[in-house]
Amino acid sequence: MMLTLLFALCCSGWSHVAAAGRNSQQQLLNVELSEDASSYTIWLGGKLIAASSDTFVKQGGKKYSTKDGSLKFVSKNTSHGSDGLGEYTLVKIAYLLANSKPFIASIRTYTPGARMGNQILGPQQSSTVVFAQEFPDGLDDVTGQDGDPNTVSSAFPALRPRGTDGADASGWMAFDGWDCDGKNGGCMNQPVAKGHHVAYGPWNNGTSQLPTGVEAAGPMAVFHSDFTATLVVSAMSSFMVASQEFASTAAPTPPNCNESSFLTNVLLGSGLIPPVVEVNSAAECCARCTQNEACACWTWKTPDEKDGPRQCMLKSAANCGSGTAYPHDARVSGACRGSHQPGAMQYGLLGSVTSVPKGFKLETVLHATPTGPVSAVRSWGSLLVTLHGKNVTRSNGDFLNTHLGYDTDNGAYYYYKTEPNKTYEETLIDVKHHADALGIPFRHVQIDSWWYIKGADNGVKTWVPMPGIFPHGIEYMHKETGWPITAHNRMWSGDTTYAQANGGQYPFHISDNMSVPLSQDFWNALLINGTKWGLQMYEQDWLYSEFVGVGGALLQSATLATQWMTQMATGVRNAGITMQLCMAWPRMLLQSLEMGDVVTQARASPDYKPGNDQWRVGDASLFIDALGLRPTKDSFRSTAPEAFPRLQAAVSSLSAGPVFASDEIGHENVPLIMRACMLDGVLLLPSNSAVPTDKCIATKAGVLNTVHGVPTAGEIWRAEAFIGDTMYPQVIVADAPAYNLTRSDILGNALLGMLKKCSCESLECIG
């Protein structure tokens, strides 16, 4: 079932939700680094959520690791500084490979409430930590295992999940990208995302699967089930070659108790293996654990502990997932078995890259807020958008995002199909005239892959109309309809007429019947010429196919993929138009941060077809919207054969992205289409995209805390529209029982608290 509700919040005068405060004595995000820098732990809201795996670099077929000392530790230095994010403490750790090549790992911990100029990024209590990898002299022959792009050839950080089930459970959600079904090299077709780009699960010692490899590399949010804290982890730079690998190998049992691995001020685990005895040192307690086959971790009470000093407490693997911080040196803890170790999420260099230049750098950001996952992801996005200087005004004001359009993409009636005995030119002009007669104000049109000339392996040979598509020229259709055009493109064929190797004017890299442009002049000429026939948005589709194709050229270079994306964007900017990314993996959406303001849309769904479930865009919309882009659901048809036209229309509008109808002439539901816009075609959109509630996310992850009510199957999404000083929550419910909808679902816990403070208890349903 589907239910759409619109409510007005009668308390006015504020433009955002203030984050709930936390105990000022407890750090929201804390990274604890051992004295010799060989290990670290991550604490979120006072709870241990990750322990480190080894830092490593691969070169020449060998893995240089801190685990076996082959990555030689040289020095650790601490300093202080400031940058665009604010003041920070920097810990820089220097290593050497066997060939004396330097590798630098560093951690920047920012003062909580990171700032960019006068702007606070996210809730004032937010915390940000940046892990960085640097190659001062560059590095050759740096590929991972057999050059596999689903591996990484360096790692820092490398995080092993820590946590327990029950009331203290944590969950994760991750933007996983488009599965490509193994049809192109390097694809994994991972089951965790199940085709809808976002994956979920519990975060604990038993976590055995996380999005991994070349098609993942997206932001991941780890959240406490009581919504008191969330950590978002993602690449912060070098997006096209920054990657992640979830390595599920367990750590071996250590031969002895190494004090460098001990955790101070920590109570590790819960429950006890009897008997509890008194010993004289932490090392002695650790030794008792190694001698007990049932023991996986231990805690020793120091002589300063008033309650049971010197007690050695042993715990089983099932009870070793939790950790509690202590304010004084009263506890020492550690692990003594590898069998309970979860896999490690390793962040580093894409495993297919063959070499990196001097000064090459990778950065991974950890951004925490004292909120649930929705606010945290938005805060993370605000941080990255501001850091990279992206102006979101253009996305919000793009004509194609704010006015009703007509679509001919897959699933549309006129996809590779025209009116009987008519050309596409005649058909689209007829659509325009018929819509005008009905009072449907279509203001622009999308033309899909049916319009241009294709070559080898169905790639683009020449980006001009095929004969007979537009007999009078595409510009004639543009002038007759008055419609600005969104024009589709896909990967370039190996026989493209633009390439010098094929008699063309521009340099291309050609391999495996595909090619990639190498010249800025090409993009400038292609797109500026397009504006002569009405091009207003360039839709680059099949992005991942190009990325993993062309003989692996884009996968193997540390810079070529970035060049490809930025040259494309520069051409769009020089033409004075905008751009949509389609079939984009998370790394490409992150790369849009470095492409200026020209990328204004990104597809949040697979292709629409009447009756399919690609309307489930709320999860992906959370990440896309956070990056300053408008998510697009693709089109919808307002009558049969679409079984749920009202659901399709509501999702399209509440996505806050472009809205396209795609009906056959004479088969439109005019009142339904017109619910999306005013008489002049201006769309009625919320201020942000409709995204799952925190409760919905926790339910999908399987960790909903019972204090938040009954787990809710299906979809409950919320958006907000601001009109003046009044905020209007908008909620869409689909495939979920309506009786599970609560006031906190509608307003959110923070908003509900604000509502009560304003003495405004009533909610009025107005739609």
Side-chain angles (χ1 to χ4, degrees), residues 29-34 37-45 47-56 63 65-68 71 105 107 129 131 133 151-152 154-165 168-172 174 192 199 201-213 216 220-224 231-234 243-254 258 260-263 266 268-270 289 295-299 315-325 333-348 364 366 368 701 703:
L29 175 62
N30 191 30
V31 178
E32 294 188 355
L33 184 67
S34 65
S38 63
S39 64
Y40 47 89
T41 52
I42 310 294
W43 298 78
L44 178 65
K47 298 178 182 178
L48 177 67
I49 64 161
S52 63
S53 185
D54 57 322
T55 299
F56 66 79
K63 179 179 178 180
S65 170
T66 55
K67 182 185 293 185
D68 59 11
L71 185 63
I107 304 173
V129 175
F131 283 72
Q133 305 174 34
T151 64
V152 292
S154 64
F156 187 74
L159 307 177
R160 294 188 185 276
R162 285 281 190 251
T164 58
D165 297 327
D168 291 329
S170 295
W172 63 269
V192 286
W203 179 273
N204 54 41
N205 279 21
T207 298
S208 60
Q209 187 177 38
L210 292 170
T212 185
M220 177 172 66
V222 179
F223 57 91
H224 293 332
L231 174 68
V232 184
V233 186
S234 79
S243 204
Q244 64 192 47
E245 177 188 357
F246 185 66
S248 57
T249 55
T253 301
N258 186 350
S260 66
S261 67
F262 292 176
L263 303 174
V266 174
L268 189 62
S270 60
C289 186
C295 181
C297 68
W298 53 271
T299 292
K315 296 92 180 280
S316 66
N319 293 323
C320 287
S322 63
T324 303
S333 295
C336 69
R337 288 284 186 276
S339 58
H340 74 283
Q341 295 276 8
M345 181 63 92
Q346 302 169 148
Y347 293 90
T364 302
L366 283 65
V703 296

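The residues of the chain are indexed from 1 along the displayed sequence.
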Sole residue of Ser65, Ser38, Ser39 in side-chain hydrogen bond (donor to acceptor under 3.5 Å, both in side chains) with Asp54
Ser65
Just wondering, do Gln133 and Thr55 contact through their side chains at under 4.5 Å, heavy atoms?
no
Looking at Cys297 and Cys289, is the distance between their SG atoms under 2.5 Å?
no
Could you report the tightest heavy-atom contact between Asn205 and Pro161, atom names first, then the distance?
OD1-O, 3.8 Å
Would you confirm whether Gln244, through its side chain, and Pro211, through its main-chain N or O, come within 3.5 Å as a donor-acceptor pair?
yes
In terms of heavy-atom contacts, Trp172 and Ala701 come closest through O-CB, 4.0 Å
Exercise: identify the closest heavy-atom pair between Pro157 and Phe131:
CD-CB, 3.5 Å
Test of understanding: with ring pair (Phe, Tyr, Trp, His ring centres under 6.0 Å), list the residues that count as partners of Tyr347, not counting sequence neighbours.
none
Thr299: side chain to side chain donor-acceptor pair (under 3.5 Å) partners, not counting sequence neighbours:
Ser333
Taking side chain to side chain contact (heavy atoms under 4.5 Å, CB included) as the test, write out the residues that go with Ser243, two or more places apart.
Val152, Ala217, Leu350, Arg587
Would you mind reporting whether Thr207 and Met345 have side-chain heavy atoms less than 4.5 Å apart?
no
Do Thr364 and Phe156 come within less than 4.5 Å of each other through their side chains, counting heavy atoms only?
no
Among all residues two or more places apart in sequence or in another chain, which pass the ring pair (Phe, Tyr, Trp, His ring centres under 6.0 Å) test with Phe262?
Trp298
State which residues pass ring pair (Phe, Tyr, Trp, His ring centres under 6.0 Å) with Phe56; sequence neighbours excluded, sorted by chain then number.
none
Kindly write out the residues that satisfy side chain to side chain donor-acceptor pair (under 3.5 Å) with Thr41, not counting sequence neighbours, or none if the list is empty.
Trp43
Side chains of Leu268 and Leu48 in contact at under 4.5 Å (non-hydrogen atoms)
yes
Can you find a pair of side-chain heavy atoms, one from Tyr40 and one from Leu159, that are under 4.5 Å apart?
yes
With Ser53, which residues qualify under side chain to side chain contact (heavy atoms under 4.5 Å, CB included), at least two apart?
Ala158, Arg160, Ala344
For Ala221, check side chain to side chain contact (heavy atoms under 4.5 Å, CB included) against everything at least two apart and list the hits.
Met173, Thr230, Val232, Val377
Value for CD (Glu32) from CG (Leu263), rounded to nearest 0.5 Å, stands at 7.5 Å
Using a 4.5 Å cut-off on heavy atoms from C-beta on, say whether the side chain of Leu29 contacts that of Leu231.
yes
Going by heavy atoms in the side chains, are Met220 and Trp203 under 4.5 Å from each other?
yes
Got a second to check how far Ile42's CD1 is from Arg162's CZ, nearest 0.5 Å?
12.0 Å
